[in-house]
Each structure stands twice: as structure tokens, then as C-alpha cells.
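Here is the structure we will look at.
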Amino acid sequence: MTSIDFHLPPPVFARSLIGALLTVDGVGGRIVETEAYDAGDPASHSFRGPSRRNAAMFGPVGRAYVYRSHGLHWCLNIVCGADVGGAVLIRAIQPMAGIEIMRERRGMEAVERLCSGPGKLCQALAVTGAHDGLPMILPPFSLTLAKVEPDIVTGPRIGISKGVETPWRFGLAGSAFLSRRF
DNA sequence: CCCGAGATTGACT
DNA sequence: GTCAATCTCGGGA
């Protein structure tokens, strides 16, 4: 059993998550895309200090930070880092377990698109604000790192207007399950 | 208090 | 390509 080091700096931890198996109540798959954020980063929700929404980012590492995007979609992060204010956004998953349940939650959809975005995968895995602050190492979550680090591609993060040049987006090379091409 | 922007998605021109 | 859906936060009046 390999223990997960949530104290790694966000960019390092984000890279280590590529290929990991993530499930929620048994539904999930292989993480194929992540993004790193930290407190010194103007693109991060933690940049301006604690608020009601981002409180989990200032709590213990290894917990979920789930926030609502544009008032509609949920997005799942894992709190990490040597200092407070760090987290890794889970942006895409390759569905492995509970695919039929995901289809019911998301409607008829090609398997490549079921979890190809941060809001999509939260819908497919039924992650909501109720999961905010919960430990990632306990049910309903299950998180298991890949035994061997796969080939990884990097690039600028998606959908932000500050810190755009920071290459803290990580993806599984050649994956058909990414939110976008690198 | 009011308003614009935002780590998104899906529907539409 | 454009745009609306709808919640939280920060900045300015």
C-alpha cells in the first residue's frame, strides 16, 4: 500500500495524480488531466485569502475542495502542499467503473465525453458541495496512485485570465479522455 | 448596495 | 464562432 503525500507542492502533486484511480461510491476511473493552484498564484481561489467558499483550501491537506462554478457546475479539487492555499483541480477522468451509472447521470453520451471536464466529472461521479472538506482517503472517496508514472504532457491552464503563462496543466499523453487538446 | 467577473457547459448561429 | 444559465466574491458608489 503506497501512502499518498498530500504535502507535495501542488504542481508536483498534480503530476503525480495522472494515472491515479479515483472513485466516489465505486464510480470513477483513471485521472487523465489535472491543474495546480497555490496561494501565491493570482489564478487561485486562495490568492485573496480565506472566504466562505474556499475555506477547505485553508484546512488540512488531503481533503476535497468542491466549489460551484458559474452558479451551475461543481468542480473537485484536492487540497495539498507544504503551505496552506494549495490545491489540484481534477479536470478529466477516463471512466473505468460504473459507466452505466455515469450515463444515467449525464444522459446518453460517448464514453470519451462522460468525464472530459471538471464540471462533467462531478456530475458523472455525483460530487457536490456536500463533499467539500471531506478526506480523500476515506469513503465515499477512494484514491490510488498509479504504480508507474505514465507519459505526461504539460501546458497552460484552461479558462483563467491571470497566471495564464504558468504551465501547471498536466495530462496523460495521447489520452482520448481529455477536456481539450494540449 | 449594486455590478461585473469567474478554475464551465451545452445549445444555438 | 456566440451566449445564457445562476452563485460567490470583491471592488466601487
Side-chain angles (χ1 to χ4, degrees), chain A residues 6 8-18 20 22 24 31-59 61 63-81 83-95 102-134 136 152-172 175-182:
Chain A
F6 293 105
L8 291 172
V12 178
F13 186 64
R15 172 178 280 268
S16 77
L17 282 178
I18 301 300
L22 170 66
V24 181
I31 296 173
V32 297
E33 184 181 340
T34 60
E35 282 179 0
Y37 293 86
D38 77 15
D41 170 9
S44 174
H45 288 175
S46 59
F47 184 66
R48 298 169 195 280
S51 69
R52 179 172 169 155
R53 177 177 69 164
N54 68 16
M57 289 188 83
F58 293 87
V61 298
R63 309 275 184 121
Y65 164 45
V66 183
Y67 73 94
R68 217 204 276 270
S69 175
H70 292 260
L72 296 180
H73 310 288
W74 297 105
C75 293
L76 171 65
N77 298 250
I78 300 176
V79 179
C80 67
D83 306 299
V84 295
V88 171
L89 172 69
I90 311 301
R91 283 196 58 91
I93 286 174
Q94 175 179 349
M102 295 186 194
R103 281 197 214 277
E104 288 171 19
R105 290 169 176 164
R106 291 213 8 93
M108 267 312 180
E109 185 91 68
V111 66
E112 291 84 0
R113 307 268 160 83
L114 282 175
C115 298
S116 61
K120 294 177 177 182
L121 72 89
C122 282
Q123 185 183 11
L125 306 204
V127 172
T128 71
H131 296 91
D132 188 41
L134 298 183
M136 296 300 302
I152 291 173
V153 290
T154 66
R157 295 168 294 182
I158 304 281
I160 56 172
S161 62
K162 297 166 186 167
V164 291
E165 67 289 343
T166 306
W168 281 2
R169 178 182 178 220
F170 303 90
L172 178 64
S175 174
F177 301 87
L178 302 173
S179 65
R180 297 194 194 179
R181 303 269 174 186
F182 275 75

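In what follows, every chain begins at residue 1, and chains take the letters A, B, ... in the order their sequences are listed. Not measured: the values here are computed from a predicted model.
A sub-4.0 Å separation between OP1 or OP2 of dA7(B) and a side-chain N or O of Ser69(A) is absent. Checking the phosphate oxygens (OP1, OP2) of dA5(B), no side-chain nitrogen or oxygen of Ser161(A) falls inside 4.0 Å. Residue Arg91(A) has a polar side-chain atom (N or O) positioned under 4.0 Å from OP1 or OP2 of dT8(B). For Lys162(A) and dA5(B), the shortest distance from a side-chain N or O to OP1 or OP2 is not below 4.0 Å. An OP1 or OP2 oxygen of dT9(B) is reached within less than 4.0 angstrom by no side-chain nitrogen or oxygen of His73(A).
Using a 4.5 Å cut-off on side-chain heavy atoms (C-beta onward), Tyr65(A) and His45(A) make contact. The shortest distance between side-chain heavy atoms of Trp168(A) and Asp38(A) falls below 4.5 Å.
Across all strands, Asn54(A) comes closer than 4.0 Å to no nucleic acid atom at all (heavy-atom distances). If you check every strand for non-hydrogen atoms under 4.0 Å, Arg68(A) touches sugar and phosphate atoms only.
A side-chain donor-acceptor contact under 3.5 Å links Asn54(A) to the backbone of Ser51(A). Looking only at distances, a side-chain donor or acceptor of Arg106(A) sits under 3.5 Å from a matching main-chain atom of Leu114(A).
Nucleotides dC1(B) and dT6(C) are separated by 23 Å at their P atoms, to the nearest Å. Across dA7(B) and dG1(C), the matching C1' atoms stand 23 Å from one another, rounded to whole Å. Taking atom P on both dA5(C) and dT13(B), the two are 15 Å apart, rounded to the nearest angstrom. Taking atom P in both dA5(B) and dA13(C), the straight-line distance is 15 Å, to the nearest Å.
In this structure, CE in Met136(A) is found 11.5 Å from CZ in Arg63(A), a value given to the nearest 0.5 Å. Taken from OG1 in Thr166(A) to CD1 in Ile160(A), the straight-line distance is 7.0 Å, to the nearest 0.5 Å.
Proximity note for Met57(A) (side chain, C-beta onward) versus dG11(C), dA7(B), dC9(C): the nearest is dA7(B). Taking every side-chain heavy atom of Arg52(A) into account, dC9(C) is the closest of dG10(C), dC9(C), dT9(B). Side-chain proximity of Leu72(A) to the nucleotides dT6(C), dA7(B), dG11(C) is greatest for dT6(C).
Rounded to whole Å, the distance from CZ on Arg48(A) to P on dA7(B) is 10 Å. Atom pair Arg180(A):CZ and dG10(B):P shows a separation of 13 Å (rounding to whole Å applied). Separating the CZ atom of Arg157(A) from the C1' atom of dT8(B) is a distance of 17 Å, rounded to the nearest angstrom. Here the P atom of nucleotide dG11(C) and the CZ atom of Phe47(A) are 10 Å apart, to the nearest Å. Regarding Glu33(A), its CD atom lies at a distance of 10 Å from the P atom of dT8(B), rounded to whole Å. Atom CZ of Arg53(A) and atom C1' of dT8(B) are 13 Å apart (whole Å). Put simply, CG on Leu121(A) is 8 Å from P on dT9(B), counting in whole angstrom units. dT8(B) atom P lies 14 Å from atom CD1 of Ile90(A), rounded to whole Å.
dT8(B) has His70(A) stacked on its base ring, the centres lying under 5.5 angstrom apart and the planes within 30 degrees of parallel. With centroids closer than 5.5 Å and planes inclined by less than 30 degrees as the test, Tyr67(A) and the base of dA7(B) fail to qualify as a stacked pair.
Across all strands shown, dG10(B) pairs with dC3(C); the Watson-Crick or G-U wobble distances both stay below 3.5 Å.
With DNA chain B read from its 5' end, the first of the two nearest nucleotides for Ile158(A) and Arg106(A) is the one closest to Ile158(A).
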